[in-house]
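The structure appears right after this line, and notes come after that.
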Amino acid sequence: MTTVDSAPRVARISTYLILGITFLVLAGIGLATFRTAKSSHEARRKADRLVATLGLPAAANERIAQVLGDDGGIVCAAPNDELARSQLLATLSNGAGGPGARPVIADDQALDGMRAIVQVYCPDEADEFEQFVADLKLADTAK
């Protein structure tokens, strides 16, 4: 009969104790540094301005303030960057994937939300973004 020599009981207990303390310390650090989506006064003010610009219901204010914050979030990170522009152009395509994808003449209201966000949250980028949008072929296609 063969017996397996496992680690002594003291070694197992000390290993579990060290791992438990490490886990608790890391969990405490994680909780201390975690920040929830709190909207500041500036974020709510800009959300109010965006809601008024787009004519949205007033109930959308708090959610917009949470998503865009006071700096415009991901929208204003680099609105005139080549990658951001290519993603925007991809949303204005026919929606097919692969070889069937092609640009379309999008509705002229398709970019109203993006324009408003750029104007309210990152006005220093607005002129360059408007110039990019002016070069697109848009028409009144939504009926």
Side-chain angles (χ1 to χ4, degrees), residues 4-143:
V4 178
D5 188 21
S6 63
R9 179 172 162 75
V10 174
R12 286 194 316 265
I13 290 174
S14 62
T15 301
Y16 292 143
L17 188 62
I18 290 171
L19 288 173
I21 291 171
T22 303
F23 174 76
L24 288 175
V25 167
L26 290 175
I29 291 171
L31 287 173
T33 59
F34 180 74
R35 291 181 173 81
T36 58
K38 295 180 182 176
S39 60
S40 67
H41 175 70
E42 180 69 15
R44 286 191 300 275
R45 189 183 65 76
K46 286 185 177 182
D48 290 339
R49 193 167 146 215
L50 182 65
V51 164
T53 301
L54 293 175
L56 298 173
N61 288 17
E62 187 61 32
R63 186 67 182 143
I64 290 172
Q66 288 176 347
V67 171
L68 296 176
D70 60 355
D71 62 351
I74 191 80
V75 177
C76 287
N80 294 311
D81 188 43
E82 289 81 12
L83 180 59
R85 287 183 177 182
S86 66
Q87 290 173 330
L88 181 61
L89 292 174
T91 61
L92 298 175
S93 69
N94 66 346
R102 60 187 178 276
V104 296
I105 299 173
D107 189 67
D108 51 4
Q109 295 179 354
L111 297 173
D112 286 350
M114 183 75 168
R115 279 181 178 149
I117 292 171
V118 170
Q119 288 170 354
V120 170
Y121 287 92
C122 42
D124 53 324
E125 302 278 349
D127 290 337
E128 189 177 346
F129 185 75
E130 282 297 327
Q131 186 178 11
F132 167 70
V133 171
D135 292 339
L136 297 175
K137 187 171 185 179
L138 302 171
D140 186 16
T141 58
K143 304 289 183 215

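Reckoned from all heavy atoms, side chains included, excluding hydrogens, waters and symmetry mates.
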Run the side-chain donor-acceptor check on residues 72-84: report pairs under 3.5 Å with partners two or more places apart or on a different chain.
unit_1, atom_1, unit_2, atom_2, d
Asn80, OD1, Arg85, NH2, 3.3
Asn80, OD1, Phe129, N, 3.3
Asn80, ND2, Glu125, O, 3.2
Asn80, ND2, Glu125, OE1, 2.7

To check you understand the geometry: which heavy-atom pair defines the closest contact between Gly113 and Leu54, and what is its length?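 Where Gly113 meets Leu54 most closely, the heavy atoms are CA-CD2, 4.0 Å.
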Which heavy-atom pair separates Val120 from Arg49 by the least distance, and what is that distance?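 Closest approach of Val120 to Arg49, heavy atoms only: O-NH1, 3.9 Å.
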Once rounded to the nearest 0.5 Å, what's the spacing between atom CG of Leu111 and atom CD of Glu130?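 One finds 9.0 Å between CG of Leu111 and CD of Glu130.
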First locate atom CG of Asp71, then atom NZ of Lys46, and finally report the distance between them rounded to the nearest 0.5 Å.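 Taking CG in Asp71 and NZ in Lys46, the distance rounds to 7.5 Å.
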Close side-chain approach of Leu56 to Ile64, heavy-atom, < 4.5 Å: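 Heavy-atom side-chain distance check passes, below 4.5 Å.
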Indicate yes or no: at least one non-hydrogen side-chain atom of Asp140 is less than 4.5 angstrom from one of Asp107.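 In contact.
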Which residue pairs pass the side chain to side chain donor-acceptor pair (under 3.5 Å) test when at least one of the two sits in residues 11-23, sequence neighbours left out?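 Pairs touching residues 11-23 that pass the test: none.
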Please identify each residue that fulfils side chain to side chain donor-acceptor pair (under 3.5 Å) with Glu42, with sequence neighbours left out.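 Glu42 satisfies side chain to side chain donor-acceptor pair (under 3.5 Å) with Arg45 once adjacent residues are dropped.
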Among residues at least two apart in sequence or on other chains, which ones pass side chain to side chain donor-acceptor pair (under 3.5 Å) with Arg63?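 Arg63 satisfies side chain to side chain donor-acceptor pair (under 3.5 Å) with Gln66 only.
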Which pairs would a plain distance check flag for residues 91-101, meaning a side-chain donor or acceptor within less than 3.5 Å of a matching protein atom at least two apart in sequence or in another chain?
unit_1, atom_1, unit_2, atom_2, d
Thr91, OG1, Leu88, O, 2.5
Ser93, OG, Ala90, O, 2.8
Ser93, OG, Gly95, N, 3.4
Asn94, OD1, Ala96, N, 3.2
Asn94, OD1, Arg102, N, 3.3
Asn94, ND2, Gly100, O, 3.0

If you look only at pairs with a residue in residues 87-99, which of them pass as a salt bridge (Lys or Arg N to Asp or Glu O under 4.0 Å), with sequence neighbours excluded?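 Applying salt bridge (Lys or Arg N to Asp or Glu O under 4.0 Å) to every pair that reaches into residues 87-99, excluding sequence neighbours, yields nothing.
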